[in-house]
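To start, the structure under review is shown below, and the notes come after it.
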Amino acid sequence: MKKTPLNQVHRELGAKLIEFGGWEMPVQYTGILQEHQAVREKCGLFDVSHMGEIHFAGPGALATIQHLITNDAARLKVGQILYTPMCYPDGGIVDDLLVYRLGEEEFLMVVNAANTDKDFEWVKDNSFEDVKITNQSADYAQLALQGPEAKNILQQLTEIKLDDLKYYWFERGEVAGTEVILSRTGYTGELGYEIYLKTEDAVRVWNRLMETGKEYGLLPAGLGARDTLRLEKKFCLYGNDIDENRHPLEAGLGWTVKFSKKDFIGRETLLKYKEEGYDEKLVGFKLIERGIARHGYKIKANGEDIGIVTSGSFSPTLRESIGLGYVKREKAGIGQEIEIVIRKRPVAAEIVETPFVK
Amino acid sequence: MQIPEELFYSEDHEWILVEGDEATIGITDYAQKELGDVVFVELPEVGDEFDQFDDFGVIESVKAVSDVYAPASGKVIAINEELFDRPELINEEPYEGGWLIKIKLADKTELDQLMDDQDYERFLEEGE
């Protein structure tokens, strides 16, 4: 199992460690509910050093990126970031990722930990001329500082003017005297920042953030809270809500597929889906009766199978049971009454608007 | 880690408190810590019967679903309905407010197959 540079710090904080995407990661420190609440109301600090980083440089970098992803990286200015799926020719999703435009001819793809090796092979096999592609995952640690107090905490440790840093933009500069890429992004739906830094600097910057954040109610937060936070905002999780058998349109990611772009892998199939339609759609639901929906549970309507749960949890913010799942499009309307089959028993639920937490 | 001495323990981390031919069942402090924040509990109905080591209910934390197993055979005479509204009692007071069910014991000799507090403590240490 791979370990992040913060592994020992997590142990000292009493974290419960689990295997995730080939990495030993903290799932919780004090408790998922408490960490979740800290991020929604104050601030949480996550170690997300398991994320993969793939670097593209050269005159062919933009053309290659454009060929690989469904969204349009030509629109990016240097310093700007894009969320995008990367698809197979059949429209299935290789991964969902962020593209950072580091320079005119230089990009960084930030990918899911478990997919890093697969993605690296895929992008090399499908690259154009005049681009050097490097897997830099081992060089980077990554911290995510998320929550309404994130700016107040971070501003004390950096000269970068955080008020001027817009959503989905980044700056290079120093945090706590260390060279970083500081990015206004996150996976929680709160104000927040993701900090990319050299592995050897991770412990020091983590500790400085924790010290500075203490008076603001900052808590270390694990993957458990990260999952409930993203679910409340209906952010897809690769391997749960999307994978190689699902395409971006049915996942509700149509806004990231730019058919105005003449060439990208999967374009032909996705265009066909757009014009001729597709069968299922990812929806959000709430349980009306008691219970918790989990990945893989069946969804029924009037006793008939109509779909499957992809994510489900107790929502710490709403104190209700929520979930995501694919259902037949004719049964995907808001207010549709459905049943989630939990341990062979149908439990009443209802399709609702998302995000669950605005 | 709390391990009260008046209880018996199973390898699945349930405890049982015996009073005459009746008993109260719950999960241990160790089990609740391993599970994390409990958010849902499913219990049998009064009158249900089960054998020793059968599963009789489900406890779900934010991340995990766990069956709970009966440390002894018997018939359910009470369930802790307060847990439906306050499942966190299992985390807060695993040996008190977080009890799950009370049963009428079918066979007290079955208790010989359980651990006392010292055995359970050793069992946890060996599992580390």
Side-chain angles (χ1 to χ4, degrees), chain A residues 11 14-20 25-39 219 221-232 237 240 287 289-297 309 311-323 340-345 347 349, chain B residues 1-2 12-13 27-48 50 53-70 76 79-94 97-98 100-101 124-125 127-128:
Chain A
R11 287 174 186 278
K16 187 178 292 179
L17 298 166
I18 56 156
E19 193 274 340
F20 181 80
M25 299 298 294
V27 63
Q28 66 165 63
Y29 301 84
T30 47
I32 293 172
L33 299 179
Q34 192 186 4
E35 293 162 29
H36 180 109
Q37 190 181 6
V39 173
L219 289 184
L223 293 184
R226 189 167 154 86
D227 190 41
T228 52
L229 288 157
R230 68 92 196 167
L231 180 59
E232 289 183 343
L237 173 61
N240 273 42
L287 266 64
E289 293 178 297
R290 294 177 61 247
I292 293 175
R294 304 281 182 182
H295 180 82
Y297 288 3
V309 174
S311 288
S313 180
F314 174 78
S315 158
T317 305
L318 303 173
R319 317 287 307 171
E320 290 179 295
S321 188
I322 62 171
I340 310 297
V341 183
I342 303 178
R343 295 180 281 280
K344 296 179 186 160
R345 198 166 54 85
V347 175
Chain B
M1 189 80 60
Q2 281 185 59
D12 300 307
H13 308 286
I27 68 167
T28 65
D29 192 24
Y30 173 85
Q32 69 81 13
K33 282 202 176 87
E34 282 298 299
L35 272 170
D37 295 319
V38 174
V39 292
F40 176 81
V41 180
E42 196 173 281
L43 296 175
E45 290 177 9
V46 171
D48 286 358
F50 40 72
F53 305 129
D54 280 356
D55 60 298
F56 70 83
V58 175
I59 297 180
E60 298 197 36
S61 65
V62 181
K63 288 298 277 186
V65 184
S66 298
D67 288 324
V68 274
Y69 300 92
V76 180
I79 62 169
N80 186 356
E81 291 183 18
E82 200 177 354
L83 296 178
F84 297 145
D85 293 325
R86 296 185 59 202
E88 65 272 18
L89 282 172
I90 291 175
N91 297 115
E92 292 165 1
E93 321 173 358
L100 301 174
I101 57 171
L124 290 181
E125 280 164 9
E128 286 290 299

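In what follows, chains are A, B, ... by sequence order, proteins preceding strands, each numbered from 1. Both backbone and side-chain heavy atoms feed into the values below; hydrogens, waters and symmetry mates do not.
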Could you check which of A:Gly291, A:Gly312, A:Pro316, A:Ser321 has the highest count of heavy-atom pairs closer than 4.5 Å to chain B?
A:Gly291

Rounded distance (nearest 0.5 Å) linking atom CG of A:Leu287 with atom CZ of B:Phe40:
9.0 Å

Output for pair (A:Ile18 CD1, B:Lys63 NZ), nearest 0.5 Å, gives 6.0 Å

For A:Tyr29, what residues pass the side-chain contact (heavy atoms from CB on, under 4.5 Å) criterion, not counting sequence neighbours?
A:His10, A:Leu13, A:Ala15, A:Pro26, A:Glu35, A:Trp206, A:Pro220

Separation between CG of B:Asp37 and CD1 of A:Ile32, rounded to the nearest 0.5 Å:
6.5 Å

Can any side-chain N or O of A:Lys16 pair as donor or acceptor with the backbone N or O of B:Glu34 at less than 3.5 Å?
yes

Backbone of B:Val41 reached by a side-chain donor or acceptor of A:Arg290 within 3.5 Å:
yes

Just jot down the side-chain hydrogen bond (donor to acceptor under 3.5 Å, both in side chains) partners of B:Glu60, sequence neighbours excluded, or say none.
A:Arg294, A:Arg343

From A:Leu33 atom CG to B:Ser61 atom OG, the distance as rounded to the nearest 0.5 Å:
9.5 Å

